[in-house]
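Presented below is the structure to which this report refers.
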Amino acid sequence: MEQRISLVTLGVTDVARAKAFYEHLGWQGQEVEETVFFQAGGLAVVLWDREKLAADAGIDNPGTGALTLAQNVRSRAEVDELMATATKAGATVTKPARETFYGGYAGYFADPDGHLWEIAWNPGFTLAPDGTLTLPDFGTTD
């Protein structure tokens, strides 16, 4: 199996509301057959009805599950800007932005369906102009 992710699908309770939320954040998506696709760098974030996602996955409980999405940004100021934009779009801030143990700056919010997003500035992670993240050499020998 290749070490990559192609799609992150979020099960939502109201596709139109979820689409409007992400569009308010500045994302541009395409809706096909009651499913919304957002190009997000080298992968896609998909919004799909929570019940349909659960049925497709063969499970009875369509809960949100334990999943956190993260977007790394280029500065502390950008963290604050994105947290404010998310709040205006209807997000619930679950952890206000603050200094982190690794020398960065980050905060968390939940979208209207409870999906958690971390917005972080990490001085040790390099972001290319297109937003692609390059992990540093952590010096491990595993």
Could you report the tightest heavy-atom contact between [X] and [Y], atom names first, then the distance?
X      : Y      : value
Arg74  : Glu78  : N-OE1, 3.2 Å
Asp14  : Asp113 : N-OD1, 4.3 Å
Gly124 : Pro136 : O-CG, 3.5 Å
Gly104 : Pro123 : CA-CD, 3.8 Å
Ala97  : Val79  : CB-CG1, 3.7 Å
Ala91  : Phe109 : CB-CD1, 3.5 Å

Glu99, CD: over 12 other non-hydrogen atoms inside 6.0 angstrom: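 Atom CD in Glu99 is packed in, count exceeds 12.
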
To the nearest 0.5 Å, how far apart are [atom1] in [X] and [atom2] in [Y]?
X     : Y      : atom1 : atom2 : answer
Phe38 : Leu25  : CZ    : CG    : 9.0 Å
Met83 : Glu118 : CE    : CD    : 9.5 Å
Glu34 : Trp48  : CD    : CH2   : 11.0 Å
Arg50 : Thr13  : CZ    : OG1   : 5.5 Å
Leu10 : Leu69  : CG    : CG    : 5.5 Å
Arg76 : Glu81  : CZ    : CD    : 14.0 Å

Donor-acceptor contact present, side-chain His24 to main-chain Thr85, <3.5 Å: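 Answer holds: no.
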
Side-chain (Gln39) to main-chain (Gly41) donor-acceptor, under 3.5 angstrom: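 Yes, because the side chain of Gln39 sits within donor-acceptor range (under 3.5 Å) of the backbone of Gly41.
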
Stepwise side-chain contact (heavy atoms from CB on, under 4.5 Å) check, Phe37 with Val32: CA-CA 8 Å; Phe37 296 85; Val32 180; 4.3 Å; yes

With a 4.5 Å heavy-atom cut-off, do [X] and [Y] have their side chains touching?
X      : Y      : answer
Leu47  : Thr35  : no
Val36  : Val15  : yes
Glu31  : Lys19  : yes
Val93  : Thr87  : yes
Val73  : Ile119 : yes
Tyr102 : Asn122 : yes

Hydrophobic cluster identity match, Tyr108 and Phe21, side-chain contacts under 4.5 Å: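 No.
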
Check against side-chain contact (heavy atoms from CB on, under 4.5 Å), Leu116 and Thr94: CA-CA 8 Å; Leu116 293 172; Thr94 61; 4.0 Å; yes

Worked check of side chain to side chain donor-acceptor pair (under 3.5 Å) between Asp80 and Tyr105: CA-CA 9 Å; Asp80 290 335; Tyr105 184 73; 2.7 Å; yes

Parallel, tilted or perpendicular, as decided by the 30° and 60° cut-offs, for the rings of Trp27 and Tyr22: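 Because their plane-to-plane angle lies in the 30° to 60° range, the rings of Tyr22 and Trp27 count as tilted.
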
Verdict with reasoning, Leu43 to Val8, per side-chain contact (heavy atoms from CB on, under 4.5 Å): CA-CA 8 Å; Leu43 61 89; Val8 173; 4.3 Å; yes

Pair Leu53-Val12, side-chain contact (heavy atoms from CB on, under 4.5 Å): steps then yes or no: CA-CA 9 Å; Leu53 177 59; Val12 301; over 6 Å; no

